[in-house]
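Chain letters run A, B, ... following the sequence lines, proteins first, then strands; residues in each count from 1.
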There are 2 protein chains.
Amino acid sequence: MVQRKRVTLRDLAEHLNINTSTVSRALSEKSSEMISPDVVKRVKKAALEMGYKQNAAAYALKMGSTKTIGMIIPDLMNPVFPPIIRGIQSVLDRYGYTAFLAYSENNEITAHTEVERLISRGVDGIIYAAAFRTDSVVDLCKSQGVPLVLVNRVVDQGDVDTVKVDDSLGIKMAVDHLLELGHRKIGFIAGPKNISVSYIRLRAFTQTMAEHDLEVEPHRIVEAHALSEDAGEKAMSVFLGQNSDATAIIASNDLIALGCYTALRQFGYTCPKRLSIVGFNNMPYLDWFATPLTTVSIPHFQMGERSAELLLKRIKSGNLDFNEEVLLKPKLVIRGSTAPVVRRKKKSDAS
Amino acid sequence: MVQRKRVTLRDLAEHLNINTSTVSRALSEKSSEMISPDVVKRVKKAALEMGYKQNAAAYALKMGSTKTIGMIIPDLMNPVFPPIIRGIQSVLDRYGYTAFLAYSENNEITAHTEVERLISRGVDGIIYAAAFRTDSVVDLCKSQGVPLVLVNRVVDQGDVDTVKVDDSLGIKMAVDHLLELGHRKIGFIAGPKNISVSYIRLRAFTQTMAEHDLEVEPHRIVEAHALSEDAGEKAMSVFLGQNSDATAIIASNDLIALGCYTALRQFGYTCPKRLSIVGFNNMPYLDWFATPLTTVSIPHFQMGERSAELLLKRIKSGNLDFNEEVLLKPKLVIRGSTAPVVRRKKKSDAS
DNA sequence: CTGAAAGCGCTAACAA
DNA sequence: TTGTTAGCGCTTTCAG
């Protein structure tokens, strides 16, 4: 039963005593109509029986299209990416495309290398969810003529197809929520500023505060060295050391917010009693948490879908001189980590 | 700057006025030594300058190896799979292999179809983390001569390379833990019995109980229709309806355990006060939960690594008539969802 | 409606 | 050490 060699078109042709080109045409949706129905039926039957599977490498070599695309994300462990990936694949599947998955590990060099590997694999396009504010990957794809779509990260260069959420709006909703709860002394735990979302969210924070005539003093803003739990914890420790009077903070993403929880506990504070926290992303399972995190929810799955649609459209058109921007709306999810500010009369709850 | 056509070996050869085969050899690690060092240097320089990237399709067609493998998992949303995938890729990367990711959605037909697609893509092997107890994918791979490794699921057929954890040991540790806490009336929320882990874990449960002379009555065992939160909730509702006196349950996996939390709350009960719960898998973020789940931890990342190593070994050897079984050890992680049994004197805590 | 033949880009056996 | 050539499996133009 073990057949080490795969069945080819020629095997089928010889078996049926017809030409390989006839077999090819009979099996192809778009050219089977130029073959007599009878032959088509016989070919399809034989193909099934003999277990014929098209050789993708040969097809790719001949046609110049592999029907594959590459996805690059920072890190699969960050729970926001699985739904994005599924969104991408759900539309890819409908068009017979398959995706390679690669990781930037939040490192531009790594990302560049991975993109080169993907190009060598002959991907028809790339979805890049890990771009830095200035990113050599953009130029690389341009110079190689490979369609590129950015997801949830933008690039200073401009001229790139992009699918993103309105981060500024998300932050505005978070700030407004805290203001309504009576908070005025609000801090921000930012992400690395070479990452576009970090930069944009921080800028939106200061802008929104300014619109409410609330000046943000520099010590109210601390930059974490990564968009991770660990980095969030370190940054929040610094923040608490110099902001004993703050009553709320916004974190650049959920993982940083979790780090803030940890730092808060180390200082003997509780959330939301002593300090309210808002995250960004709405990662899974937050509802189960001891302190369920209030956060800005973004449509992960839909982002994936839209980016795949955009990429396929670009691949089909072959026109790379044009670019498009898809903007999705975020939503505030209010949970237990935010509460009305309490006017502390005596010594507070710092037990 | 936009070069729609990629640079080929021939472009390089013509540019340097030498033969394509010379260029090929100069660029290949294993045959560059039969070319004069001077030429090698010139070729490499030109390749870099002109942005040459090997055409993977042509290589695959010529060599009969795509240097890709396929991974099939039930569902990316289940948080146990990301670390397994990363483990697989960490070893694949070292050998220049790339992976396709596909989903069975816990459906054997879907799995079969996806495997066919992967084979058509020419994958050199397949890692299958979604097998059912009897599974046509195994025969498919055998008949097509495609190396296959099973991860965390086994198959009744036998004769397949497998990487798994000692589920029976894990369940035994869970039972022992509950017994030590004084529980005797212990229930089990099983997964679908056509999935091997569900079957094995349930069997291990009844066996371990029997070894302690504790007979398990049938109504103490309820089968969820899937290894999911939702299915767990439904099953637990049934269980609670017919087991008002049980003091502890073991769930077939963490997601089912979460569903049990929900059902428990709907019945007005609390965990662990009224009922202790143990899960299986140790998914991420459990420490943050309002009721942190006691669970059996399995080495996800390592499972991925081992399965990739096994698959590459099998690909290299070309010998499919031999099979191996890697068995990994689980570990019990005790958290807040389990507590000593309390002798209820009056009306309990059913508030 | 079907066949013959070329060629996608690469590697390797064979020649020189 | 380098060149010549064939061919991997497929699609498609050009003939018939």
Side-chain angles (χ1 to χ4, degrees), chain A residues 3-43 46-47 50-68 96 119-124 144, chain B residues 3-44 46-47 50-67 96 119-124 144:
Chain A
Q3 48 178 84
R4 276 233 57 77
K5 253 182 91 46
R6 284 172 51 188
V7 179
T8 70
L9 273 190
R10 204 167 63 181
D11 295 333
L12 281 184
E14 282 172 1
H15 179 76
L16 294 166
N17 277 315
I18 55 178
N19 195 280
T20 60
S21 57
T22 307
V23 179
S24 172
R25 287 190 270 247
L27 258 24
S28 159
E29 202 57 51
K30 53 194 291 189
S31 53
S32 65
E33 48 194 22
M34 59 167 70
I35 303 291
S36 75
D38 178 52
V39 173
V40 171
K41 208 190 300 175
R42 281 172 49 224
V43 170
M50 301 177 62
Y52 170 77
K53 308 260 182 326
Q54 188 187 53
N55 182 317
Y59 176 91
L61 184 56
K62 179 69 192 175
M63 306 298 281
S65 160
T66 54
K67 294 241 174 198
T68 61
I119 292 179
S120 172
R121 289 262 176 223
V123 294
D124 294 345
Q144 298 273 343
Chain B
Q3 48 177 81
R4 275 233 59 76
K5 254 182 90 46
R6 282 172 52 188
V7 179
T8 69
L9 273 190
R10 204 167 64 181
D11 295 332
L12 281 184
E14 282 172 1
H15 180 75
L16 295 166
N17 277 314
I18 55 180
N19 196 281
T20 59
S21 57
T22 307
V23 178
S24 172
R25 287 191 270 248
L27 256 26
S28 159
E29 203 55 54
K30 54 193 293 191
S31 53
S32 65
E33 46 195 21
M34 61 168 70
I35 302 292
S36 76
D38 178 52
V39 173
V40 171
K41 208 190 300 174
R42 279 173 51 224
V43 169
K44 286 192 169 167
M50 300 177 63
Y52 170 76
K53 308 258 183 331
Q54 188 188 55
N55 182 318
Y59 176 91
L61 183 57
K62 179 71 191 173
M63 306 298 280
S65 159
T66 54
K67 294 243 173 195
I119 291 178
S120 172
R121 289 261 177 223
V123 294
D124 296 345
Q144 297 273 343

*Does B:Thr22 or B:Leu61 map to a spot on DNA chain C nearer the 5' end, using the closest nucleotide for each?*
B:Leu61
[X] [atom1] to [N] [atom2]: how many Å, rounded?
| X | N | atom1 | atom2 | answer |
| --- | --- | --- | --- | --- |
| A:Asn17 | C:dG3 | CG | P | 10 Å |
| A:Ile18 | D:dT11 | CD1 | C1' | 15 Å |
| B:Ile119 | D:dG9 | CD1 | C1' | 17 Å |
| B:Lys53 | C:dC8 | NZ | P | 21 Å |
| A:Leu12 | D:dG9 | CG | P | 13 Å |
| A:Tyr59 | D:dT12 | OH | C1' | 12 Å |
| B:Arg10 | C:dC10 | CZ | P | 10 Å |
| A:Leu9 | D:dG7 | CG | P | 18 Å |

*Polar side-chain contact A:Arg25-C:dG3 base: donor and acceptor under 3.5 Å*: yes
*Indicate the atoms forming the closest heavy-atom contact of A:Lys67 with B:Arg121, along with that distance.*
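In terms of heavy atoms, the two residues are closest at O-NH2, 2.8 Å.
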*Measure from the side-chain heavy atoms of B:Ser24 and tell me the nearest of C:dG3, C:dT11, C:dC10.*
C:dT11
*With no hydrogens and no angle check, is any side-chain donor or acceptor of A:Arg25 less than 3.5 Å from a backbone partner on A:Glu33?*
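Looks like no, no N/O pair under 3.5 Å.
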*asked:* Treating A:Ser120 as the side-chain partner and B:Gln54 as the backbone partner, does any N or O pair qualify as donor plus acceptor under 3.5 Å?
replied: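 Pair found, side chain donor or acceptor close to backbone of B:Gln54.
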Examine [N]: is either OP1 or OP2 under 4.0 Å from a nitrogen or oxygen in the side chain of [X]? Give yes or no.
| X | N | result |
| --- | --- | --- |
| A:Ser36 | C:dC1 | no |
| A:Tyr52 | D:dC10 | yes |
| B:Asn19 | D:dT4 | yes |

*Straight-line distance of B:Leu12 CG to B:Leu27 CG, nearest 0.5 Å*: 7.0 Å
*If you find the nucleotide of DNA chain D closest to A:Ser21 and the one closest to B:Ala58, which residue's nucleotide is nearer the 5' end?*
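The residue mapped nearer the 5' terminus is B:Ala58.
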*Could you say whether A:Lys62 or B:Ile35 is positioned toward the 5' end of DNA chain D, judged by the nucleotide with the nearest heavy atom to each?*
B:Ile35
*Please test A:Asn19 against A:Ser21 for side chain to side chain donor-acceptor pair (under 3.5 Å), starting from the C-alpha separation and ending with a verdict.*
CA-CA 5 Å; A:Asn19 195 280; A:Ser21 57; 2.9 Å; yes
*Have a look at B:Met34 and say if it touches a base, only the backbone sugar-phosphate, or nothing, with a 4.0 Å heavy-atom cut-off.*
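B:Met34: base contact, heavy atoms under 4.0 Å.
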